[in-house]
Protein chains: 2
Amino acid sequence: MKATIYDVAREAGVSIAAVSQVINGKGKISGERRAEIIRVMERLNYKPSFIATALTGKNTFTLGLLVPDISNPFFAEIARAVEDRGHHHGYSLVICSTDNDDERVGRYLSLLQQKSVDGIIIGTGIVDRELVESIVAKSIPVAMIARELPGGRIDAVIVDDYAGGRMAARHLLDLGHSRLAVLSEHRKVTSSLERIRGFRDQMTEAGLELPEYLVKASGRDLIQEGKRNAAELMRYAERPTAIFCCNDLLAIGALQAAKEMGVRVPADLSIVGFDNTILTTVTDPQLTTIAQPTEQMGNLVVDLILGKQKVQQPDPVRTVLEPELIVRQSTAELQA
Amino acid sequence: MKATIYDVAREAGVSIAAVSQVINGKGKISGERRAEIIRVMERLNYKPSFIATALTGKNTFTLGLLVPDISNPFFAEIARAVEDRGHHHGYSLVICSTDNDDERVGRYLSLLQQKSVDGIIIGTGIVDRELVESIVAKSIPVAMIARELPGGRIDAVIVDDYAGGRMAARHLLDLGHSRLAVLSEHRKVTSSLERIRGFRDQMTEAGLELPEYLVKASGRDLIQEGKRNAAELMRYAERPTAIFCCNDLLAIGALQAAKEMGVRVPADLSIVGFDNTILTTVTDPQLTTIAQPTEQMGNLVVDLILGKQKVQQPDPVRTVLEPELIVRQSTAELQA
DNA sequence: TTGAAAGCGGTACCAT
DNA sequence: ATGGTACCGCTTTCAA
């Protein structure tokens, strides 16, 4: 059996209050008693129970992280960053893969509340605003990472998706491409929407248009669907010479479609991804992509959410980081 | 503020005992009172606090998972499998990336105990046996996944690493290769050791030897170090014609080294990986690898560890699953 | 300084 | 059937 504060108190011949004092470094304890108590704690290998502590109204030292799928490399990286920063502050991380499924989101959110986590970090694209706000109302700190709640007054640490979209377009435009297409995630995913908006605006400024039929959305299995959608794009009479993919998975699908169809990348087709996951360095050719500073984002959300606990900030904090174009080998000048 | 059982009791004009009854579906309650209580619970949006429940000696409905690094695709997949099965049973998952660092392992293990998790699943290669057994002694269920505690009497769900190593060797031997080399993880990682042993035994049966200098170990950054070690192997006068890599990350490193050195895969060099992560489908050529049934493994450990709670099994359960050779494009017959 | 005691939000036993 | 109450392990007044 695990030792409790009572065991320590008894062994040390003091009250549990005294033990509690030394655990928390509060109150006044004579150096001698304190030393003795510490000795006993070590001898009994005593570690205070977090659940008992939590019940008295203190922290649970647990954070919840909602992501679409932890086995998606991008979110795995986000999770690692969040985990590390949390661990740095003594917190542990509960992972919740939602598959962007409303029901799963609801169940997980409810679960996290019942566990009285000290904060919930949301990286899932599709969430019900009311649900989230009902959580905030219960004064549980909530923050978004890599995603934003449209119209919601929720803290968020995101990358400038719009700027990222522009970057991708500019890069492609600079390379001489004009027939551009887009592979996007589900239409409800705000980050994809923003990326496309930036991409389109940049095109517009160059006097180009991005018709809707050249923007294809994919849902569950991003690589597979991306591949299928890319293949479809390639079959158009006036085939696009470059595709901007709203994430690396989609880009890989495009890459595979091209390979299967005998379309050379980047000679015949340029591809730009988004996220700069480990996958981009593994493909052949390696993927040009827009990088998100995942580690920094992880650090920032955690600090943000942990800070929220203390002071009740009035306005939602919205931290926008700059994306970065990473040029690798999947993009090239348009061949004449 | 969140509603408590007292609020519900007051609103419903009953005792908290009655409310507790309906929550747990126990005891005797007249249908009418029960209905009324349920109504009140819904109106107040009442959800019992897990920490309070846990303090009374029940489950915390939390599982801990130790892995080297959640951003490593293989472990991300394992985590997803474990998470799903846990969620299925109403449990949530705390992720602990240890970096195979003893100190981190210790800290996390201690943390998980303080949180009174209902079970700890260990997928980290390097762990101190005494530490683990001290946990088991506290009657916290522990099980290993994809790794084994050498000599420890701990439940484990693993793949037959030895057989996997043999498979890889047989495949390469069948293709006519005889000059084989190995890229392995840190020498303390038991799974790698077993894979190499199987690989070597199969070679021996074919009358071949695997000298130690053809087995190179890598530590932290597996892709980078794998690349470096592979390059080294390729510089030997009598260069190996095939490399067995103890995981896909190492195989990717080998692939990149080959590409950089102008060595064609699979024409000049065959490469076999291990784990069948998403990465294998993304490389070019796609990687031949030995697959582990991650989903099944996840299901089994969770059921195993949840089962352990109830009955105190006498002997450690050791479930060994069969690996599977997935032939893709990184292996080919030895060119004459 | 030190310790007795009242919670925190439930569970479960025991009277009623 | 129903409710009173003693815990679970710890924090935090408040007296002594």
Task: DNA chain D: 5'-proximal contact among B:Gln21 and A:Val19 (nearest heavy atom) - done: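 Nearest-nucleotide comparison on DNA chain D picks B:Gln21.
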Identify which nucleotide among [options] has an atom closest to any side-chain atom of [X], counting heavy atoms from C-beta outward.
X	options	answer
B:Ile23	C:dT11, C:dA4, D:dC10	C:dT11
B:Val14	C:dG9, D:dG3, D:dC10	D:dG3
A:Ala52	C:dT11, D:dG9, C:dG10	D:dG9

Open item on the list: At 4.0 Å (heavy atoms only), tell me whether B:Phe50 reaches a base, stays on the sugar-phosphate, or touches nothing.
Closed with: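 If one applies the 4.0 Å heavy-atom cut-off, B:Phe50 turns out to touch nothing in the nucleic acid.
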- [ ] Quick one: label A:Ser20 by what it contacts on the DNA or RNA (base, sugar-phosphate, nothing), any heavy atom closer than 4.0 Å.
- [x] base
- [ ] Please work out which of the three classes, parallel, tilted or perpendicular, describes the rings of A:Phe50 and A:Phe61, given edges at 30° and 60°.
- [x] perpendicular
Between [X] ([atom1]) and [N] ([atom2]), how many Å, whole number?
X	N	atom1	atom2	answer
B:Leu55	C:dG7	CG	C1'	12 Å
A:Arg10	C:dG3	CZ	C1'	17 Å
A:Ile29	C:dT2	CD1	C1'	7 Å
A:Leu44	D:dG9	CG	P	14 Å
B:Phe61	C:dG10	CZ	C1'	13 Å
B:Ile51	D:dC8	CD1	P	18 Å
A:Asn59	D:dC10	CG	C1'	14 Å
B:Lys58	C:dG9	NZ	C1'	14 Å

Open item on the list: For the backbone of B:Ser97 and the side chain of B:Arg104, can you confirm whether one donor and one acceptor N or O come within less than 3.5 Å of each other?
Closed with: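 At least one qualifying donor-acceptor pair exists.
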TODO: Decide yes or no for B:Ile122 and B:Ile154: does some side-chain heavy atom of the first lie under 4.5 Å from some side-chain heavy atom of the second?
DONE: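 Not touching, per the 4.5 Å side-chain cut-off.
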Does [X] have a side-chain nitrogen or oxygen under 4.0 Å from the phosphate oxygens OP1 or OP2 of [N]?
X	N	result
A:Ser15	C:dT2	no
A:Arg33	C:dT2	yes
B:Lys26	C:dT11	no

Task: CZ (A:Arg220) with more than 12 external heavy atoms under 6.0 Å - done: no
TODO: Might you confirm whether atom CD of A:Glu295 has over 12 heavy atoms from other residues, nucleotides or ligands at distances under 6.0 Å?
DONE: no
Open item on the list: Is there, by distance only and without an angle test, a donor paired with an acceptor across the side chain of A:Tyr6 and the base of D:dC10 below 3.5 Å?
Closed with: yes
